[in-house]
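As structure tokens, the structure follows; a few thoughts come after it.
Residue numbers begin at 1 in each chain, while the letters A, B, ... track the order of the sequences.
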Amino acid sequence: MDVSHILDPLNDAQRLAVAADAGNLLVLAGAGSGKTRVLIHRIAWYIETNQARPNSILSVTFTNKAAGEMRGRLEQLLGYSAGAMWVGTFHGISHRLLRAHWKEANLVQNFQIMDSDDQYRMIRRLLRAMALDESKWPPREVQWFINGQKDEGLRPKDISSDDDFHLEQMVHVYRAYEEQCARSGLVDFAELLLRAYELFRDNEHLRRHYQDRFRHVLVDEFQDTNTIQYRWLKLLNGHEGNMFVVGDDDQSIYSWRGAQIENMQRFQDEFRDTELVRLEQNYRSTATILAAANALIANNSGRIGKELWTDGEEGELIPIYTAYNEQEEARFIIENVMDWHREGHRFDEAAVLYRTSAQSRVFEDHLRRNNVPYRVHGGFRFYERAEVKDALAYLRLSAFRSDDTAFERIINTPTRGIGNRSVEAVRAKARENNISLWQAMTDILENKLLTGRALNAFQNFINLIDSMTLDIENTEELHEVLDAIIKRSGLIAHYKKDTSGKAEDRIENLEELVTAAQEFEAPPTDDDEPRMDPMSEFLAHAALEAGEGQADIYEDSIQLMTLHAAKGLEYPLVFLTGMEEGLFPHQRSKDDIRQLEEERRLCYVGMTRAMKKLILTHAEVRRLYGQETYPQVSRFIREIPRELISSVRFGNPESSSSSDEYFDEEPHKQGLGLGQRVSHNTFGQGVILNLEGSGSHTRVQVNFEEVGTKWLVAAYADLQMV
DNA sequence: TCCCGTTCGCACCGT
DNA sequence: GCGAACGGGA
């Protein structure tokens with residue numbers, strides 16, 4: 001078979017990876033080096049050289065977007081549908097396995113998936129039921145703990161608390177949480193992975209079966225795998241497997257959600273005869289941008305090591321803009337993008353990146369005022385919206401009475417006279433008898449354990465849900481079921497009352513949900529897999545794929561996003577904003593070398609998003625949490641070789657001054673000295689306690705007689721010697 | 001039940 | 001400085 005169309009478009013390193021002999025291969029793929037292309041061509045290579053049949057291939061990614069892109073590009077290259085192949089996310093594939101083997105995994109057949117919000121609510125309810133003080137046991141922390149343990153593969157029985165009371169309590173809640181999940185037939189995200197792992201670990205027959213079947217396993221973004229994902233892959237690999245994993249240790253930015261950068265090294269140590277291929281040729285950025293990024297990341301320790309290069313153009317120097325404050329920073333960026341637009345470029349070629357999502361507000365304000373179209377990535381997703389989750393909760397409860405999370409959500413939404421007292425009685429009954437909330441409610445009704453009014457309200461609720469169940473049984477199409485349920489639920493009338501101006505949006509979203517159900521196509525399955533009913537398929541889809549954030553993605557607009565959200569994307573013009581100590585690197589990462597190195601990787605990710613032009617900005621004064629701060633320039637700016645940057649200062653953007661000021665270690669004291677008595681227009685008189693920074697960045701700490709100690713930027717404070 | 005005033009705490013956010 | 005989240009009161 002002629003495979004030239006697979007190998008010809010590749011460079012030497014890519015070809016080496018794609019056409020490598022079977023075995024375990026680690027592809028160290030730098031930013032912009034064509035890693036997705038390598039993955040796709042590897043699969044095509046397997047198939048077209050008859051080394052593998054589509055159904056022996058498993059390709060794993062982290063996001064639905066990446067999985068979708070992979071499938072799409074693969075079908076384009078192959079020229080036919082890749083249906084028999086398993087291409088999906090870790091969670092999606094785990095879910096598929098658990099659906100097929102629910103019995104072996106000790107699940108109920110119609111188990112439902114909880115998203116993070118559902119999980120949070122369940123934990124909060126649990127803490128209240130256990131009468132634990134929420135200020136000592138914040139639900140967020142408990143949730144963090146439970147997910148962290150699951151990511152590490154630990155069940156409550158695996159955790160020894162060693163007389164640590166706090167830990168002991170945590171484990172206690174963890175255990176109660178597990179029981180609650182089992183009782184309600186619910187599975188959270190981390191549980192999908194852990195269960196799938198345990199399924200292979202404890203069931204030799206199934207493990208063998210899948211080891212035999214998936215002879216070729218490919219993994220994308222390997223540096224983001226957590227402990228349990230790694231162990232799952234290892235089980236699946238068996239003894240002789242062919243693993244093709246692609247990753248970049250320099251782009252590992254998710255340790256805070258369990259990713260183990262060490263897995264890159266472990267893979268080489270623990271998987272047999274692992275070969276390493278480096279993809280270092282970059283097809284995205286200018287040589288200048290790459291040189292800056294290489295220099296920055298070289299400050300990290302323990303890297304596997306690589307250096308990006310390009311045979312493309314040198315490119316422009318990297319401007320560093322010193323803004324007076326964050327307002328002025330926004331003004332500068334917008335002016336630049338307007339100029340760029342006037343030169344004939346599109347707005348959506350420009351991206352504004354920031355460390356924390358709160359920073360977007362200032363940019364949004366300025367953009368709106370200047371009537372420049374923009375899009376903020378991230379934020380609330382479709383299936384996470386309250387009204388959408390309400391509607392789905394009706395569907396869930398109508399189908400599965402044991403779903404306590406759905407019950408809690410809608411028992412009094414819209415309000416139907418079932419107040420907290422009545423619900424509390426139901427919760428107590430459920431706890432007492434170890435039954436579902438629905439069952440508890442029915443018991444209370446039958447035994448007339450509450451006042452007539454409450455019982456009446458219960459009866460109406462039961463009638464409502466029962467009628468919805470009839471809808472499900474008697475209606476062919478899922479979207480018609482949803483439509484009927486939404487109408488019957490009274491949610492539309494309920495949200496019409498919303499006075500905050502969101503009423504229209506909410507009702508639109510409910511309508512959109514019906515459309516989503518109509519357009520939903522169930523994912524492909526194998527012949528030997530039991531097919532779920534369409535409703536369960538749709539509910540799983542809603543939980544696993546939360547959908548897009550903003551609807552108007554087609555308008556040509558400036559792209560605003562956090563650095564994390566920018567990973568994997570590229571733009572001709574990129575602004576890296578807020579390059580200040582305390583913001584980036586973030587305050588909470590500054591004192592820990594591991595966290596600091598992750599911040600540096602984040603900066604590296606940001607810089608390597610830029611194709612043609614990269615501009616860094618920082619402010620001398622920044623309002624943070626309502627407080628004026630005088631941050632120092634980010635160390636990451638100092639880590640870029642000075643010959644690669646040009647500096648621009650607010651006030652005179654035309655005259656690019658020397659870049660030396662960022663590197664000047666010798667402080668210009670401007671006549672200010674320790675112990676010097678000074679006077680300030682607003683704060684009055686005081687004594688200098690401290691000096692920091694250099695040149696125009698000099699900051700002084702002054703102990704004022706009237707207002708106490710303050711840090712000021714000498715250049716703006718206009719201090720007079722006394 | 002709902003409204004509103006107070007308080008709290010405040011990266012990153014896929015699945 | 002702001003938004004979510006809670007608690008008290010009508």
Expressed as a whole number of angstroms, how long is the span from A:H541:NE2 to B:dT15:C1'?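 About 13 Å, once rounded to whole Å.
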
Roughly how many Å is it from CD1 in A:I228 to P in B:dT15, rounded to a whole number? 20 Å

Classify [X] by what it touches in the nucleic acid, base, sugar-phosphate, or nothing, heavy-atom distance under 4.0 Å.
X	value
A:Y625	base
A:R124	sugar-phosphate
A:S116	base
A:D115	nothing
A:Q595	base
A:R128	sugar-phosphate

Inspect the contact between A:D118 and A:R396 and indicate whether a charged nitrogen and a carboxylate oxygen are less than 4.0 angstrom apart.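 A salt bridge is present here (some side-chain N lies under 4.0 Å from a carboxylate O).
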
For B:dC10, which nucleotide is its Watson-Crick or G-U wobble mate, given both distances must be under 3.5 Å? C:dG1

Taking the inter-plane angle between the rings of A:H541 and A:Y383 on a 0 to 90° scale, is it parallel (under 30°), tilted (30 to 60°) or perpendicular (over 60°)? perpendicular

Counting side-chain heavy atoms from C-beta on, which of B:dA11, B:dT15, B:dC13 comes nearest to A:E599?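 Of the options given, the side chain of A:E599 lies nearest B:dA11.
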
CG/A:L126 to CD/A:E178 distance, rounded to the nearest 0.5 angstrom?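 One gets 11.5 Å once the value is rounded to the nearest 0.5 Å.
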
